[in-house]
*Asks:* 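What follows is a single structure, and I will ask about it in a moment.
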Amino acid sequence: MSGFAVTRGDIFGGITAGIVALPLCLAFGVASGLGPAAGLYGGIILGIVAAVVGGTPVQISGPTAPMTLIAASIVAANTSSDGTLQLAPVVGIFCLAGALQVAFGVARLGNYIRFLPYPAISGLMTGIGIIIIIQQIFPIAGLQSPSSSPAEILKSLGALTQGARLDAVLLAAATVAISFLLPRFFSAVPPSLVALILLTGLAVALGLSAPTIGDIPKGLPDFVLPQLKIADLRFVFVTAFQLAFLGAIDALTTSLAADNMTRTHHDSNRELIGQGAGNIGAALFGGIPGAGAFMRTAINVRAGGRHRSSGVIHGLFLLAVLLGLSSVVRYIPHAVLSGILVSAGLSIIDYRSLGHLFRAPRGDTWTMLIVVVLTIFTDLITAVGTGAVLASLIFMTKIARTMEQSTTLTLVEDELWQDELEIPDALKQGLLIKHVNGPLFFGFVYAFRRIAERAADGKMLVLRMERVTYMDQSGIYALQDVLVDLEAAGLKVFLVGLPRDQIDQLKALHIVPDLLSEEDIFQNFESFKQRLPAIVQELSRASDAGRPMKSMGF
């Protein structure tokens with residue numbers, strides 16, 4: 001685990017992540033109902049505490065779209081009909097959610113996050129993205145949203161014809177356009193920050209009367225004593241658990257992505273403790289809860305961040321903005337922040353899964369769609385729980401049909417099969433063979449993805465998959481990710497013994513031939529051995545000529 005070093009890359013990474021986080025913190029704060037300052041408080045306190053205490057050194061934590069979605073429902077439930085907010089019960093639920101995350105870490109539940117099936121996570125993220133977009137319909141038009149419920153908002157769309165503001169609509173549309181078009185031409189500055197500064201300046205210069213953020217508190221936040229409403233105990237624990245659970249998913253999936261980017265290994269349980277402690281700290285000072293943020297973490301890594309100090313610097317940058325620019329922030333139009341939220345909602349929709357809607361295994365597709373619908377019209381825990389149960393039932397049904405005896409889910413690394421003993425020693429140099437046994441499904445994805453890490457010293461990797469009885473969508477995408485990592489590491493990959501129907505699935509999802517040529521797939525190991533001398537000779541010539549392996553036509 002990296003220590004608390006401070007390098008130039010950490011400084012650049014932290015400041016860059018802070019610049020990206022600034023408009024998002026403001027937007028999520030407004031969307032939560034607690035105001036823009038609450039978004040900044042959450043980004044500052046959670047960002048610093050999680051960086052110091054957590055288990056992923058490069059992770060940048062702060063308010064995120066999924067967490068803000070639940071936080072907004074908690075705020076709405078504690079706001080009276082005359083608009084009076086009871087802050088102490090809100091803080092109490094936020095603190096309880098943080099305490100649950102700490103308990104998850106102490107109980108070492110972080111080790112089990114990888115067993116959530118891909119269709120459930122995909123449906124959850126897509127559903128949350130759609131909800132965020134729906135919730136911004138009225139603010140984009142310069143109007144107060146009638147409800148936080150997607151169903152109620154959709155029922156009230158007729159009200160948009162009365163009072164919608166053209167200037168607000170144009171500002172929101174310009175924000176979304178900048179967010180998606182600017183990176184195609186200029187990627188040095190975060191597009192959301194460009195939209196925030198440019199369109200706010202334009203609104204002030206033209207004297208537009210679109211609703212703005214208004215005054216935000218100056219200086220450091222005040223301590224808020226938490227309170228829990230015993231009469232609403234069920235609501236308190238359900239919403240707190242939703243926050244804790246979703247925050248754990250958000251943070252740990254980002255941690256896995258950070259591992260892939262830095263070739264390191266995070267501590268899942270320590271990360272949960274850090275996230276929980278950070279959310280408790282943020283809540284006690286009126287901040288909204290959050291989690292590890294993938295985009296901000298990726299930007300930190302690309303800018304050179306490698307240590308915990310980068311997350312601390314990100315938080316200190318937001319603090320400097322709060323102390324020095326609070327009087328300027330008041331002019332930001334709500335429509336611009338709504339445009340940023342729409343862009344955030346669009347970015348978390350799982351387009352890869354949607355693009356494979358009619359080609360992925362049917363059971364996985366239905367699971368994902370059901371989770372999307374349940375996420376939008378019920379609650380997140382029901383949606384994820386239903387998705388996990390459906391995926392498990394589909395998996396058990398498949399296994400019952402395809403397996404007559406139990407199989408292992410481990411990679412055989414230290415024992416050659418009989419037909420591999422006949423390979424001449426001269427052809428074994430740089431040749432790695434991995435035996436994959438049993439179904440390649442969501443519960444085995446984590447171990448399978450680690451193939452790339454353990455194959456760094458080879459030149460060729462043979463995945464013997466004669467005993468792979470079933471691949472679900474998680475397994476297919478895991479194979480895709482492994483192929484990408486192995487190609488980046490300079491290894492030539494061959495598949496042996498994969499059944500024809502599973503090869504057809506790889507073709508349907510364009511993994512073959514985009515990542516793996518059909519000529520590199522062998523029906524059995526005997527046919528691979530016959531080609532092995534030619535393969536070794538061609539690899540040797542390609543290495544001498546400096547040609548990339550993928551371009552060689554085996």
Side-chain angles (χ1 to χ4, degrees), residues 7-28 30 36 39-40 43 47 58-60 62-65 129 132-133 136 140 167-206 208 210 213 254 257-258 260-262 293-306 310-311 313-314 316-318 320-321 324-325 328-329 331-352 484 488:
T7 65
R8 189 170 72 169
D10 295 316
I11 295 173
F12 287 160
I15 292 175
T16 305
I19 292 172
V20 174
L22 174 59
L24 293 172
C25 287
L26 294 172
F28 290 139
V30 172
L40 286 177
V58 299
Q59 181 145 274
I60 302 296
T64 62
I132 290 170
I133 294 168
Q136 300 315 306
I140 282 174
D167 52 358
V169 174
L170 292 176
L171 285 171
T175 302
V176 175
I178 291 173
S179 297
F180 285 99
L181 295 179
L182 185 63
R184 298 185 181 183
F185 307 100
F186 186 71
S187 58
V189 181
S192 58
L193 185 67
V194 172
L196 188 74
I197 296 173
L198 179 63
L199 296 176
T200 299
L202 185 64
V204 172
L206 297 178
L208 301 181
I213 288 178
T254 301
N260 289 333
M261 289 184 284
T262 60
F294 172 75
M295 183 175 67
R296 283 161 263 179
T297 299
I299 287 170
N300 176 42
V301 172
R302 286 201 297 264
R306 290 297 182 272
S310 59
I313 291 168
H314 144 271
L316 293 176
F317 173 84
L318 293 177
V321 171
L325 297 177
V328 178
V329 170
Y331 296 106
I332 298 174
H334 277 294
V336 172
L337 295 180
S338 292
I340 292 173
L341 287 170
V342 168
S343 301
L346 290 170
S347 68
I348 65 175
I349 292 174
D350 187 358
Y351 297 103
R352 177 170 74 167
V484 170

*Asks:* Please test I178 against L199 for side-chain contact (heavy atoms from CB on, under 4.5 Å), starting from the C-alpha separation and ending with a verdict.
*Replies:* CA-CA 10 Å; I178 291 173; L199 296 176; 4.2 Å; yes
*Asks:* Can you find a pair of side-chain heavy atoms, one from V301 and one from R306, that are under 4.5 Å apart?
*Replies:* yes
*Asks:* Of the non-hydrogen atoms in V176 and G339, which two are nearest, and what is the gap between them?
*Replies:*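 So the minimum-distance heavy-atom pair works out to CG2-O, 3.6 Å.
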*Asks:* Quick check: closest heavy atoms across T16 and F12, and the distance to 0.1 Å?
*Replies:*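 So the two residues come closest at OG1-O, 2.7 Å.
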*Asks:* How many angstroms lie between CD1 in I133 and CG in L346, if you round to the nearest 0.5 Å?
*Replies:* 4.0 Å
*Asks:* Identify the heavy atoms of Q136 and S338 that sit nearest to each other, and give their distance.
*Replies:*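 That would be OE1-OG, 3.1 Å.
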*Asks:* Answer yes or no: is there a side-chain heavy-atom contact under 4.5 Å between L22 and L318?
*Replies:*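 Yes, at least one pair of side-chain atoms sits under 4.5 Å.
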*Asks:* Could you tell me the separation between the CD1 atom of I340 and the CZ atom of F28, rounded to the nearest 0.5 Å?
*Replies:*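 Reported value, rounded in 0.5 Å steps: 9.5 Å.
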*Asks:* Mind listing the closest non-hydrogen atom pair of P36 and L26 along with its distance?
*Replies:*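 Closest heavy-atom pair between P36 and L26: CB-CD2, 3.8 Å.
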*Asks:* Can you measure from OG1 (T200) to CG (L171) and round to the nearest 0.5 angstrom?
*Replies:*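 The OG1 atom of T200 sits 8.5 Å away from the CG atom of L171.
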*Asks:* Nearest 0.5 Å, what's the CD1-CG distance between I19 and L24?
*Replies:*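 One finds 12.5 Å between CD1 of I19 and CG of L24.
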*Asks:* Between A21 and R296, what is the shortest heavy-atom contact and its length?
*Replies:* CB-CD, 3.6 Å
*Asks:* Nearest 0.5 Å, what's the OG1-CG distance between T175 and L170?
*Replies:*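 Going from the OG1 atom of T175 to the CG atom of L170 covers 10.5 Å.
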*Asks:* Using distance alone, with no hydrogens and no angle criterion, decide if N300 and T297 have a side-chain donor and acceptor under 3.5 Å apart.
*Replies:* no
*Asks:* Should we say atom CZ of F180 is surrounded by more than 12 heavy atoms from elsewhere, each under 6.0 Å from it?
*Replies:* yes
*Asks:* Give, for atom SG of C25 and atom CG of L337, the distance between the pair rounded to the nearest 0.5 Å.
*Replies:*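 Rounded to the nearest 0.5 Å, the SG-CG separation comes out at 11.5 Å.
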*Asks:* What do the steps show when you test I11 against I15 for side-chain contact (heavy atoms from CB on, under 4.5 Å), and what is the final call?
*Replies:* CA-CA 6 Å; I11 295 173; I15 292 175; 3.9 Å; yes
*Asks:* Take atom CZ in F294; do more than 12 heavy atoms of anything else shown fall under 6.0 Å from it?
*Replies:*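 Count not over threshold, so no.
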*Asks:* Heavy atoms only: give me the nearest L182-P191 pair and the separation to one decimal.
*Replies:*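 L182 and P191 have their closest heavy atoms at CD2-CA, 3.8 Å.
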